[in-house]
Amino acid sequence: MITFELNGAPVEVDAAEDMPLLWVLRDLLNMTGTKFGCGIANCGACTVHVDGQATRTCVLPVGDVAGLKVTTIEGLQGPGGSLHPLQQAWLDHQVPQCGYCQSGMIMAAAALVAEGAPITDDLISDTITNICRCGTYPRIREAIKDAAARPGQEARYDRG
Amino acid sequence: MTGVDKMAPNRRGVLIGGALGTGGLLVGQAIGVSAALGAPTEEAVNLNAFVVILPNNKVQVVVGRAEMGQGIHAAMAQLVAEELEADWSDVSVIHAPADGVYGMTSMIVQALPFGDSDPDGTIAHLRRKLGRFVGRQLPLQMTGGSNSIRDGWRHMREVGAAARHMLLAAAATKWSVPVDQCHASATQIIHEPTGRILRFGDVAERAARLSPPSNPKLKRTSEFTLVGKALRRPDLPDKVNGQAVFGIDVREEGQLFATLKQCPIWGGTLKSFDDSAAKDVPGFIKAVPVTDGVAAIATNTWAAKQALDAIEIVWDAKGNETRNSDGLRAEYFEKLGAVGDADANSHIDEGDAADVIAAASNTFTADYEVPFLAHAPMEPMNTTALVKDGACTVWSPTQSQGFAVPKIAEAAGVEDSKVTVHTTYLGGGFGRRGEIDYIVRAVEVARTVPGTPIQTVWSREEDMMRSSYRPMMLARMTAALGDDGLPMAWAQRNVGQAQMMEFMARNAPFAPPGTKDGSAGEGITHMNYKVGALQMDHVRTYSPMWSGFWRSVGHSHNGFFKEGFVDELAHAAGTDPYQYRRALLQGNTRALAVLDKVAQMSSWNAPLRQDRGRGIALHESFGSWVAEVAEVSMGADGLQVHKVWVAIDCGHVVNPDTVKAQMISGVIFGLTAALFGEITLEVGEVVQQNFPDYEMVRLHNAPAIDVEIIASTEDPGGVGEPGTPPIAPAVANALFALTGDRIRTLPLMNSVDVV
């Protein structure tokens with residue numbers, strides 16, 4: 001049995017140590033927000049936070065997160081379902097198209113923003129290498145810069 | 001579990017009464033429901049096949065088009081809600097079941113006579129009614145061809161208007177007042193003289209028992225309050241919090257998982273397999289043969305993959321593809337110049353181009369080529385299937401519900417009427433999910449464990465090596481030039497596989513095959529430019545390797561060929577490429593407008609930095625005109641595309657934000673292909689297996705993109721695909737302007753370093 005903290009609560013899974021965390025999340029825990037895109041940690045769709053660090057999970061053995069804090073896209077929201085500023089910015093800029101890559105993209109962006117360094121285009125380019133096949137990149141940039149400028153706000157989706 | 005299948009209503013929709021006419025009858029047909037949703041909470045009322053009212057006064061619009069990022073769920077709902085008079089905040093969208101009433105019936109209507117009658121008059125109404133009746137009998141429920149708005153533009157407003165009439169009539173009866181004293185607004189009905197209000201939900205059951213009006217009057221476009229607005233997509237909140245259910249996210253009670261390998265050599269089949277080593281993998285259940293391959297079934301996807309890797313498979317290579325890409329190229333090159341090829345089909349021959357060219361003193365010829373391309377959507381192919389009690393249910397991210405039903409039935413060994421298709425969100429489609437193979441494979445697997453839902457997921461490698469590729473295409477173009485440098489004749493030959501004929505043969509075998517490929521000449525036969533005599537033919541080639549629909553189809557290669565060649569003619573004439581194109585457009589107002597707009601947006605006439613190059617391209621496809629300008633540089637690290645400007649005329653716009661998003665999307669998709677995209681073959685096997693072999697544009701090399709939409713009251717054109725054809729030539733033309741090197745072959749990375 002392998003125990004770790006998932007989105008703030010302890011979880012215990014009956015899995016082989018070498019089973020990738022991605023499949024533990026998706027198939028053993030039915031947490032399907034984290035996605036499968038390539039299986040070789042190249043596309044970033046499987047990104048979560050492990051102890052606050054953006055981490056690709058498709059090749060990460062679940063044994064490696066024993067005792068650590070894992071945050072998935074499902075756990076990014078604040079208490080009472082309040083949106084993370086990035087999620088709010090993603091909606092304000094209508095970033096997603098098909099949406100499949102966006103869990104990993106948002107998690108990668110959230111880790112970057114949490115580091116607290118000034119957000120520049122170069123920093124975004126160098127840090128976030130996730131693939132978006134729909135090409136939402138320009139709006140991703142706008143949303144990250146926007147969110148970084150207003151951390152910690154409560155949010156509400158206004159369809160307007 | 002919570003969050004799963006949010007697309008479906010909370011319980012089976014109860015059909016009360018009927019709605020023959022604009023909406024169609026859904027007798028006993030539940031609107032897609034997942035068993036995982038749990039206990040029903042509300043009674044949903046279907047006013048017709050497209051409009052569902054809940055007692056809490058929420059409105060569900062039933063959309064029969066796959067949501068793959070193009071925002072079609074939002075746009076179709078806007079059209080319905082406009083005439084229905086529902087408040088946008090009350091509207092959500094659910095995906096339709098597989099049913100003929102959701103077919104793309106406009107193509108049938110278009111084929112009927114009296115197409116020029118007044119669109120609001122009786123003849124046009126009867127024409128639509130007949131076309132839709134015929135269309136319902138055919139498997140036309142599909143999403144593709146950038147056709148959803150063109151098909152739904154009038155139809156969705158009619159179904160919304162019909163539902164509104166029924167609600168008004170029900171309210172008027174309830175109040176015992178004349179219906180013309182009532183009007184609908186913001187999901188309510190108001191009786192003007194007394195100010196009394198009823199909510200849609202209060203009268204929906206009564207309304208559903210009424211007959212809908214047969215030809216409801218529609219608003220003038222100047223009266224639109226929702227259509228034309230950049231309303232926020234209702235599906236996006238679930239796409240930023242991990243709740244949206246894609247095909248690969250389906251989790252049914254007792255579900256098992258499988259993955260598969262099909263013969264990597266195209267055309268080969270399965271001979272035998274040995275799964276004795278797989279039995280050691282914890283969670284492995286069994287291995288089963290599927291068409292041309294083997295699937296491993298297990299309790300989770302990872303175990304299935306481990307088990308599959310442990311299975312020894314023997315392939316039968318008889319009849320398979322044996323060629324390499326280089327060999328194919330050489331064969332195609334021969335055919336470019338061959339005379340009397342039995343597989344050559346003429347697509348246009350006006351004005352004796354051959355004679356004009358033979359007599360001309362100044363001619364110009366160029367050969368262009370583009371490679372095979374895979375779709376590589378972020379969500380790999382998958383489908384969940386359940387075969388039970390003579391019925392088959394699938395949950396699939398599919399673009400082709402209509403084509404799928406009979407193939408599912410055949411694979412499951414059940415009647416068509418016993419097939420249920422739940423369409424999930426798609427993690428990208430691009431035409432790949434118009435094929436049925438990944439659905440049929442899943443049904444083949446599920447049939448071996450009846451009563452148990454099984455999700456069959458393809459690895460990225462399987463997805464990339466078994467796509468329905470944009471075919472490799474070679475082209476030779478020859479122009480005869482007048483003293484002014486403008487063309488007097490244009491002759492073109494394309495050589496490559498027939499992607500539309502192959503797609504239709506695989507997926508719509510009942511349709512007459514025809515003798516030539518409908519997509520081979522697209523973008524050339526109606527090229528907007530006045531080039532004098534125009535002749536084009538296509539020599540069809542064959543391979544067991546599938547060619548099929550890839551975003552913009554024939555336009556994806558013909559756009560590059562045409563806009564590169566025209567650019568070469570411009571430079572040969574010593575004329576600015578923007579002005580040269582203007583001269584060829586002579587009075588073509590819509591084409592000129594987008595071209596002029598993009599020139600203005602990009603400050604085309606202003607001097608450019610020394611280290612930058614600018615290229616322009618114009619292409620009409622799927623009913624829309626798009627012009628693009630790309631600005632590039634060649635630094636130490638190679639080619640970089642800094643900025644792209646896009647101007648589009650797509651006629652009436654339903655949601656300008658989704659149009660802009662689709663232009664950005666089409667550009668990035670086409671740019672990725674232009675810079676890096678290449679699928680090659682070695683002894684019949686696709687070489688590229690995963691993203692490192694098939695590079696993608698990412699944040700670091702994605703250009704800034706400006707989009708402007710030409711205001712128009714013309715009938716809508718499509719937007720899903722038209723952004724793609726111009727970008728490759730715009731970039732290649734920009735590179736020429738910068739370096740003087742003309743590149744006629746894609747991807748560009750084979751000719752220059754690319755950032």
Side-chain angles (χ1 to χ4, degrees), chain A residues 16 19-20 22-24 26-28 30-40 42-43 45 72-74 76-77 81 83-84 86-88 90-91 94-103 106 122 124-141 157-160, chain B residues 1 4 67-71 88-89 231-246 248-249 251 257 282 299-302 305 376-380 425-430 457 459-461 657 661-662 664-669 690-692 696-700 702 704-705:
Chain A
M19 182 170 180
L22 174 66
W23 299 111
V24 170
R26 291 187 55 82
D27 292 359
L28 301 191
N30 282 342
M31 304 273 291
T32 57
T34 309
K35 306 299 188 198
F36 166 63
C38 69
I40 56 170
N42 184 281
C43 77
T72 68
I73 185 71
E74 292 94 338
L76 197 62
Q77 284 163 208
L83 293 181
H84 185 283
L86 273 170
Q87 290 173 310
Q88 185 59 51
W90 246 243
L91 296 177
Q94 296 281 281
V95 173
Q97 292 193 27
C98 86
Y100 190 79
C101 77
Q102 300 295 345
S103 298
I106 291 170
D122 280 347
I124 293 172
S125 294
D126 292 342
T127 318
I128 304 177
T129 60
N130 297 39
I131 300 174
C132 170
R133 204 68 178 104
C134 298
T136 64
Y137 303 121
R139 291 189 179 185
I140 290 171
R141 280 188 187 280
Y157 191 55
D158 176 7
R159 273 217 247 142
Chain B
M1 62 154 283
V4 172
E67 176 54 71
M68 47 182 151
Q70 80 282 48
W88 187 241
S89 64
L231 301 180
R232 292 188 171 193
R233 288 171 50 183
D235 57 313
L236 291 203
D238 279 351
K239 289 176 175 176
V240 304
N241 65 8
Q243 297 300 306
V245 177
F246 296 86
I248 203 174
D249 301 326
R251 294 289 180 271
F257 297 83
T299 52
N300 65 73
T301 318
W302 174 245
K305 180 187 190 307
M378 286 315 297
E379 179 192 14
Y425 288 123
L426 282 60
F430 315 122
V457 179
S459 64
R460 173 58 58 188
E461 290 79 8
D657 194 71
Q662 280 302 283
I664 295 170
S665 181
V667 164
I668 300 278
F669 197 81
N690 206 316
F691 290 120
M696 298 281 126
V697 165
R698 305 182 194 225
L699 275 162
H700 76 99
I705 302 172

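We name chains A, B, ... by the order of the sequence lines, and we start the count at 1 in each one. What's counted below: heavy atoms across the whole structure, side chains too, no hydrogens, waters or symmetry copies.
- Of the two parts of A/Asn130, only the backbone, made up of N, CA, C and O, holds a non-hydrogen atom closer than 4.5 Å to a non-hydrogen atom of chain B.
- Comparing B/Glu67, B/Glu461, B/Lys239 by how many heavy-atom pairs each has under 4.5 Å with chain A, the most go to B/Lys239.
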Begin from the C-alpha positions of A/Arg133 and B/Ile668 and carry the test side chain to side chain contact (heavy atoms under 4.5 Å, CB included) through to its verdict. CA-CA 8 Å; A/Arg133 204 68 178 104; B/Ile668 300 278; over 6 Å; no

A/Thr32 vs B/Gln243, side chain to side chain contact (heavy atoms under 4.5 Å, CB included): CA-CA, chis, key distance, verdict: CA-CA 8 Å; A/Thr32 57; B/Gln243 297 300 306; over 6 Å; no

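- To the nearest 0.5 Å, atoms CG (B/Asn690) and CG (A/Asn42) are separated by 6.5 Å.
- Side-chain contact between B/Val240 and A/Ile106 is present, with at least one heavy-atom pair separated by less than 4.5 Å.
- Interatomic distance, A/Ser125 OG to B/Arg698 CZ, rounded to the nearest 0.5 Å: 13.0 Å.
- B/Arg233 contributes no side-chain N or O that, together with a main-chain N or O of A/Leu91, makes up a donor-acceptor pair within less than 3.5 Å.
- Of the inter-residue distances, the one linking B/Arg460 atom CZ with A/Ile40 atom CD1 reads 9.5 Å to the nearest 0.5 angstrom.
- Across B/Pro380 and A/Tyr100, no two heavy atoms sit closer than the pair CD-OH, 4.1 Å.
- Looking at B/Met68, only its backbone comes within 4.5 Å of chain A, counting heavy atoms on both sides.
- The two residues A/Gln94 and B/Arg232 make their nearest non-hydrogen contact at OE1-CA, 3.3 Å.
- Put simply, the side chain of B/Trp302 reaches to within 4.5 Å of the side chain of A/Pro20, judged on heavy atoms.
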As a quick check of understanding, evaluate side chain to side chain donor-acceptor pair (under 3.5 Å) for A/Gln97 and B/Gln662, giving each step before the final call. CA-CA 8 Å; A/Gln97 292 193 27; B/Gln662 280 302 283; 2.9 Å; yes

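- With values rounded to the nearest 0.5 angstrom, A/Asp27 atom CG is found 3.5 Å from B/Thr301 atom OG1.
- Both the backbone and the side chain of B/Pro692 come within contact range of chain A, each with at least one heavy atom under 4.5 Å from a heavy atom of that chain.
- When each of B/Ser459, B/Gly428, B/Ala376 is checked for heavy-atom pairs under 4.5 Å with chain A, B/Ala376 comes out on top.
- Top candidate by heavy-atom pairs under 4.5 Å with chain B, chosen from A/Gly135, A/Ser103, A/Gly33, A/Gly39, is A/Gly135.
- Between chain A and the residues B/Val457, B/Thr299, B/Ile248, the most heavy-atom pairs under 4.5 angstrom are made by B/Ile248.
- Between the OH atom of A/Tyr137 and the CD1 atom of B/Ile705 there is a distance of 11.0 Å, given to the nearest 0.5 Å.
- At a threshold of 4.5 Å between non-hydrogen side-chain atoms, the residues A/Gln87 and B/Asn241 count as touching.
- To the nearest 0.5 angstrom, B/Leu699 atom CG is 7.0 Å from A/Ile124 atom CD1.
- For A/Pro96, the parts sitting under 4.5 Å from any heavy atom of chain B are the backbone and the side chain alike.
- Heavy-atom distances place no part of B/Val667 under 4.5 Å from chain A, backbone and side chain included.
- For chain B, the nearby part of A/Arg139 is the side chain; its heavy atoms alone come within less than 4.5 Å.
- Residues B/Met378 and A/Cys43 are in side-chain contact: their nearest non-hydrogen atoms beyond the backbone lie under 4.5 Å apart.
- With a 4.5 Å cut-off on non-hydrogen atoms, B/Leu426 touches chain A through its backbone but not through its side chain.
- For a residue to count as touching a neighbouring chain, one of its non-hydrogen atoms must lie under 4.5 Å from one of that chain's; by this rule A/Leu76 does not touch chain B.
- For the set B/Ser665, B/Ala702, B/Ala704, the entry with the most heavy-atom pairs within less than 4.5 Å of chain A is B/Ser665.
- For the pair A/Cys38 and B/Phe691, the tightest heavy-atom approach, listed with the atom from each and the gap, is CB-CD1, 3.7 Å.
- In this structure, the portions of B/Ala661 lying under 4.5 Å from any heavy atom of chain A include both its backbone and its side chain.
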